[in-house]
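In what follows, a single structure is set out as structure tokens and then discussed.
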Amino acid sequence: MKTAPLTEKNKDFFDLVHEVVKLIPKGRVTTYGAIASYLGSARSSRMVGWAMNASHKIEGIPAHRVVNRIGLLTGKMNFETPTLMEERLKQEGIHVINDQIEGFKQLFWDPTIELNIH
DNA sequence: GTCTTGACGTTTA
DNA sequence: CTAAACGCCAAGA
């Protein structure tokens with residue numbers, strides 16, 4: 001069976017990422033690696049970032065809730081405005097200092113745990 | 001068509 | 001402990 005390439009029509013890593021991101025509860029955050037690991041490719045964290053970039057055209061994708069493993073808003077500059085990500089997080093009660101989420105470990109929402117083991 | 005870059009993370013030296 | 005390389009796969013030039 002031929003492996004389907006990543007396209008808009010085919011269900012792929014991107015769509016799966018979008019689904020997981022939508023499942024992130026308000027006031028919580030997750031990481032690219034957590035999503036990638038949940039999907040089975042722990043080292044495909046980069047693709048998660050690409051998926052977020054594609055999510056721009058889709059509504060309901062809280063990309064601002066996805067940060068890197070240290071809780072740093074690495075992709076904030078990719079938003080409509082460089083401050084939008086930080087602003088949105090503050091709206092949900094998440095404090096961001098110097099592009100870093102305060103108490104990130106405490107706000108961390110891991111799909112591998114929350115969606116599987118409880 | 002090939003080559004480089006990219007919202008990252010893990011592994012190895 | 002720190003530093004560097006690899007892996008992942010897609011899109012842009």
Side-chain angles (χ1 to χ4, degrees):
Chain A
M1 179 142 74
K2 187 178 185 299
T3 308
L6 263 167
T7 50
E8 297 179 9
K9 291 183 179 181
N10 294 329
K11 285 286 285 298
D12 46 38
F13 206 89
F14 282 52
D15 281 351
L16 293 174
V17 172
H18 294 158
E19 288 188 50
V20 175
V21 174
K22 286 186 205 173
L23 294 174
I24 301 173
K26 181 185 176 190
R28 298 281 188 173
V29 289
T30 190
T31 67
Y32 308 98
I35 297 171
S37 181
Y38 176 69
L39 298 177
S41 299
R43 298 187 174 116
S44 299
S45 44
R46 283 178 140 161
M47 304 296 83
V48 178
W50 263 122
M52 312 262 67
N53 207 344
S55 72
H56 270 289
K57 64 181 182 180
I58 307 172
E59 292 184 28
I61 309 292
H64 61 275
R65 292 180 186 158
V66 184
V67 295
N68 65 350
R69 74 166 186 94
I70 62 178
L72 193 67
L73 283 59
T74 49
K76 71 170 195 174
M77 54 178 75
N78 207 324
F79 280 74
E80 302 175 56
T81 56
T83 55
L84 181 62
M85 189 174 192
E86 170 175 346
E87 291 283 314
R88 283 191 174 180
L89 289 173
K90 285 197 172 187
Q91 286 182 22
E92 299 186 355
I94 299 175
H95 294 275
V96 179
I97 302 175
N98 194 13
D99 300 338
Q100 185 174 334
I101 295 176
E102 183 182 4
F104 163 71
K105 182 179 180 182
Q106 177 178 298
L107 298 171
F108 181 45
W109 181 83
D110 191 338
T112 308
I113 299 174
E114 303 291 336
L115 298 179
N116 191 352
I117 307 168
H118 187 272

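FYI, side chains are in, hydrogens and waters are out, and symmetry mates aren't considered; it's all heavy atoms of this structure. Below, chain A is the first sequence line, B the second, and so on; all start at residue 1.
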Write down the distance between [atom1] ([X]) and [atom2] ([N]), rounded to a whole number of angstrom.
| X | N | atom1 | atom2 | value |
| --- | --- | --- | --- | --- |
| Ile35(A) | dC8(C) | CD1 | C1' | 15 Å |
| Ile70(A) | dG9(B) | CD1 | P | 8 Å |
| Phe104(A) | dC8(B) | CZ | C1' | 12 Å |
| Phe14(A) | dC8(B) | CZ | C1' | 14 Å |
| Arg46(A) | dA10(C) | CZ | P | 14 Å |
| Asn53(A) | dC9(C) | CG | P | 19 Å |
| Leu89(A) | dA7(B) | CG | C1' | 13 Å |
| Leu39(A) | dC9(C) | CG | P | 12 Å |

Looking for any heavy atom pair under 4.0 Å, which part of the strands does [X] touch: base, sugar-phosphate only, or nothing?
| X | value |
| --- | --- |
| Ser45(A) | base |
| Ala36(A) | nothing |
| Arg69(A) | sugar-phosphate |

Exercise. Between Asn98(A) and Gln100(A), is there a donor-acceptor pair closer than 3.5 Å when you use the side chain of the first and the backbone of the second?
Worked result: no
For this session: May I ask you to decide if Trp109(A)'s main-chain N or O and Thr30(A)'s side chain share a donor-acceptor pair within less than 3.5 Å?
Result: yes
Problem set entry | Any Thr74(A) side-chain N or O less than 4.0 Å from OP1/OP2 of dC8(B) | yes
Identify which nucleotide among [options] has an atom closest to any side-chain atom of [X], counting heavy atoms from C-beta outward.
| X | options | result |
| --- | --- | --- |
| Arg43(A) | dG9(B), dT11(B), dA7(B) | dT11(B) |
| Trp50(A) | dT11(B), dA11(C), dC8(B) | dA11(C) |
| Asn68(A) | dC8(C), dC8(B), dA7(B) | dC8(B) |

Exercise. To the nearest 0.5 Å, what is the distance between CD1 (Ile35(A)) and CZ (Phe13(A))?
Worked result: 8.5 Å
For this session: In whole angstrom, give me the gap between the C1' atoms of dA4(C) and dA7(B).
Result: 22 Å
Exercise. Any chance NE2 of His95(A) has more than 12 other-residue heavy atoms, nucleotides or ligands included, within less than 6.0 Å?
Worked result: no
For this session: Check each of Glu86(A), Gln91(A), Glu92(A) against His64(A) using the side-chain hydrogen bond (donor to acceptor under 3.5 Å, both in side chains) test, and report the only one that passes.
Result: Glu92(A)
